[in-house]
Amino acid sequence: MTVVTRFAPSPTGLLHVGGVRTALYSWLYARRMGGKFILRIEDTDRERSTDEAVRVILDGMAWLGLDHDEGPYYQTQRFDRYREVIQRMLAEGTAYRCYCTKEELEQMRKEQLERKEKPRYTGVWRDRTDARPGVEPVIRFKNPLDGVVVVEDVIHGPVTFQNAELDDLIIARSDGTPTYNFCVVVDDMDMGITHVIRGDDHLNNTPRQMNMLRALGATPPVYAHVPMILGPDGAKLSKRHGAVSVLQYQEEGFLPDALLNYLVRLGWSHGDQEVFTRAEMIAAFDIHEVNKAASAFNPEKLLWLNQQHMMRASPGELVPHLRYQLDRLGIACDDDKLLEGIILAQRERAKTMKEMAENSRFFFGAEIAIDPKAAAKHLTPETRGSLTEARDRLAALADWAAPAVHDAVNALATEKGVGLGKIVQPIRVAISGGTVSPPIDITLALLGRERTLARIDAALKQIAR
RNA sequence: GCUCCCAUCGUCUAGAGGCCCAGGACAUAGCCCUCUCAAGGCUGUAACACCGGUUCGAAUCCGGUUGGGAGCGCCA
């Protein structure tokens, strides 16, 4: 039997890292097993579903490279099918009409709560066949009254529920539209889902879904309920930290592989390995090894991993990412070779591609703004002499490349009997505007002769004033 | 309230009865390297929630306590 998994988000909120991780686990398992991965949008709640949320799901999955083999399916396009199944269940007696009003149900709940009971539908219409004029009925599933249903969960092991704890849930509203738990059941059945991998907030829904599946003559799939992701403070994930749209991670300069790598390690491990390529993840991941406990989202480790991926990727792979970030800063550059050089020079001093772009602004444009504090320290009458000398030696270089620059500044420092820093820092401030940059030889090589000399001249002029 | 789930360093985790006075990673502190900042290397601080059992022996098995979480909608 080939494995079929699915990711079934509802577009009522923006796709965040919690959703992405369950998507990742489903995707990884399908890829690992050579199976199929289906994307399904659970948009039956038309009130709260938004086009924006659907867009984030589609764009986010595409950005992450979590490609689906089927879909996206939309539940709102399958209403005819749901109606058909409901008619069948009514005919077979596994579902029935309930004419209770919302007010009556509300009252029932209130009284049960007062008696410190678990609020649930008592089943008053379960065996009635009459109707109540003036009330549009809902359709309820006829859940077994006794016995148990055991969820053989891949992550949690067997979890037993008493049928007596379960009430008859509504599968169609009084306006005829089907509800979530029912649609999931029909879809999972119709789409041949073999493994349902989802958040463990759904564990409590599972026995009902299994009962419905069995009532329809289907065999329940294998379930894997993965733990939730908490915020850095250990509390529920909120907008404050990780519960932002996945696309925001793109804007912040994270690499898709790094985010995926971070997420796969949250709740799962493979020996002492921390850094995984996509291929390594697919080869090593096993849903059976996922932990049971919730885990807190740690932005610092994500940052570290992102840099690890930046340092391990080939520069060419990162060019589009750097270009995207430069674009956002209003800098256009079509020189791939230059961008690759910048990536090589900058990647061990930036945690994100956004940070890399920001740190690299001085490579572009004619003029730069010099940080007053840096100038006060390094562009002074005292450094003026050596800076002038350095300028002249650089100007005289026949070959404008890192080794030549390196030799020139080293020679000057040796001759003057000073540390290299004394020569290099003024140059660095002059050409970058600040005290921090990649090694000076590499930086100047990338910057080019014209810009370097022009900026040093400008700095010298500033000292003169 | 009821039902279900969960519990190792601050965080992510290793650990499936002796290999553990608990290992790795992030973070953090110190040192080294060094033209700045990083990256890198080395060293350190730091955890089995608690109480009972079972056993020659428990982080590992069992029970309870405590603490977290989820569900209990004509939401998904």
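Just so we're on the same page: letters track the sequence lines, and every chain starts at 1.
Residue-to-nucleotide contacts include no donor-acceptor pair under 3.5 Å from the side chain of A:Arg120 to the base of B:rC2. With hydrogens and angles ignored, a donor-acceptor pair closer than 3.5 Å exists between the side chain of A:Glu274 and the base of B:rG24. Checked by distance alone, A:Ser174 brings a side-chain donor or acceptor within 3.5 Å of a matching partner on the base of B:rC74.
One side chain, A:Thr206 or A:Arg198, offers a donor N or O that lies under 3.5 Å from an acceptor on the other. For the 3.5 Å distance criterion, the side chains of A:Gln107 and A:Glu103 fail to qualify, holding no donor opposite an acceptor.
For the side chain to side chain donor-acceptor pair (under 3.5 Å) with A:Asp168, the lone residue among A:Arg126, A:Lys142, A:Arg140 that qualifies is A:Arg126. Of the options A:Thr44, A:Ile170, A:Val85, a side-chain contact (heavy atoms from CB on, under 4.5 Å) to A:Phe182 is made by A:Val85 and by none of the others.
Searching all strands for a Watson-Crick or G-U wobble partner of B:rU65 with both distances below 3.5 Å returns B:rA49. In this structure B:rC20 sits in no base pair that meets the Watson-Crick or G-U test at under 3.5 Å. With a cut-off of 3.5 Å on both Watson-Crick or G-U wobble distances, the partner of B:rC31 is given as B:rG41. Pairing partner, B:rA59: none, since no Watson-Crick or wobble contact has both distances short of 3.5 Å. Partner assigned to B:rC72 is B:rG1, using Watson-Crick or G-U wobble distances below 3.5 angstrom. Checking B:rA25 for Watson-Crick or G-U wobble geometry (two distances, each under 3.5 Å) identifies B:rU11 as its partner. Pairing of B:rU36, defined by two Watson-Crick or G-U wobble distances under 3.5 Å, is not identified with any nucleotide.
Between A:Lys351 and B:rA39 there is a side-chain polar atom (N or O) within less than 4.0 angstrom of OP1 or OP2. Between A:Gln307 and B:rC37 there is no side-chain N or O to OP1 or OP2 distance below 4.0 Å. Listed pair A:Asn291 / B:rA14 meets the phosphate criterion, a side-chain N or O lying under 4.0 Å from OP1 or OP2. When the side-chain nitrogen and oxygen atoms of A:Thr12 are compared with OP1 and OP2 of B:rA76, none of them lie within a distance under 4.0 Å. Phosphate contact (OP1/OP2 of B:rA76, side-chain N/O of A:His202, threshold under 4.0 Å): absent. Between A:Lys236 and B:rA70, a side-chain N or O to OP1/OP2 separation shorter than 4.0 Å is present. Note on A:Arg109: a side-chain N or O is less than 4.0 Å away from OP1 or OP2 of B:rG73. Between B:rU11 and A:Ser295, no contact under 4.0 Å exists linking OP1 or OP2 to a side-chain N or O.
Taking atom C1' on both B:rG44 and B:rA70, the two are 40 Å apart, rounded to the nearest angstrom. Look at the C1' atom in both B:rA58 and B:rU8: the space between them is 14 Å, to the nearest Å. Across B:rG15 and B:rG52, the matching C1' atoms stand 24 Å from one another, rounded to whole Å. Distance check on atom P: B:rU43 versus B:rC4 gives 49 Å, rounded to whole Å.
Taking atom CZ of A:Arg347 as the reference point, atom C1' of B:rA39 lies 11 Å away to the nearest angstrom. Rounded to a whole Å, the OH atom of A:Tyr223 is 19 Å from the P atom of B:rC4. Here B:rU13 presents its P atom at 14 Å from NZ of A:Lys292, a figure rounded to the nearest Å. As a whole-Å value, the separation of A:Asp168 CG from B:rC74 P is 13 Å. Taking atom CG on A:Leu263 and atom C1' on B:rC26, their separation rounds to 15 Å, with Å as the unit. Between A:Arg6 atom CZ and B:rA76 atom P there is a gap of 15 Å when expressed in whole angstrom units. Between the CZ atom of A:Phe297 and the C1' atom of B:rU13 there is a distance of 16 Å, rounded to whole Å. Atom CG of A:Leu420 and atom P of B:rC35 are 6 Å apart (whole Å).
The pair A:Arg78-A:Asp43 fails the salt-bridge criterion, with no side-chain N (NZ, NE, NH1 or NH2) lying under 4.0 Å from an Asp/Glu carboxylate O. Electrostatic pairing of A:Lys373 and A:Asp371 does not count as a salt bridge here, judged by no charged N lying under 4.0 Å from a carboxylate O.
For A:Arg265, the listed nucleotide lying nearest its side chain is B:rG24; candidates were B:rC4, B:rG24, B:rC6. In the set B:rG71, B:rU13, B:rA76, the nucleotide with an atom closest to the side chain of A:Asn181 is B:rA76. In the set B:rC74, B:rC12, B:rC35, B:rC35 carries the atom at the smallest distance from any side-chain atom of A:Gln425. Taking only side-chain atoms of A:Arg428, from C-beta outward, the nucleotide of B:rU3, B:rC74, B:rC35 with the closest atom is B:rC35. Side-chain atoms of A:Trp304 lie closest to B:rA25 of the nucleotides B:rU36, B:rA25, B:rU3. Comparing atom distances between the A:Ser269 side chain and each of B:rA14, B:rA76, B:rC4 picks out B:rA14 as nearest.
Residue-level contact check: A:Gly13 touches neither bases nor backbone, having no heavy atom under 4.0 Å from any strand. Counting any heavy atom pair closer than 4.0 Å across all strands shown, A:Asn205 reaches a base atom. Across all strands shown, A:Pro438 has heavy atoms under 4.0 Å from base atoms, whether or not it also approaches the sugar-phosphate. Within 4.0 Å of A:Glu106, counting heavy atoms only, lies no atom of the nucleic acid at all. The residue A:Leu266 sits close only to the backbone: its heavy atoms come under 4.0 Å of sugar-phosphate atoms, none of a base. A:Asp441 comes within 4.0 angstrom of a nucleotide base, judged by non-hydrogen atoms across all strands. Residue A:Lys301 is classed as a base contact, given a heavy-atom separation below 4.0 Å to a base. If you check every strand for non-hydrogen atoms under 4.0 Å, A:Val159 touches sugar and phosphate atoms only. Within the 4.0 angstrom heavy-atom criterion, only backbone atoms of the sugar-phosphate kind lie near A:Thr44; the bases stay farther away. Using a 4.0 Å heavy-atom cutoff across all strands shown, A:His225 reaches no nucleic acid atom at all. Among the heavy atoms of the strands lying under 4.0 Å from A:Cys100 is at least one base atom, whether or not backbone atoms are also near.
With hydrogens and angles disregarded, no donor-acceptor distance shorter than 3.5 Å links the side chain of A:Asn359 to the backbone of A:Ala350. Using modelled atom types, one side-chain atom of A:Glu317 and one backbone atom of A:Ser314 make a donor-acceptor pair closer than 3.5 Å.
The environment of A:Asp146 atom CG is sparse: at most 12 non-hydrogen atoms of other residues, nucleotides or ligands sit within 6.0 angstrom.
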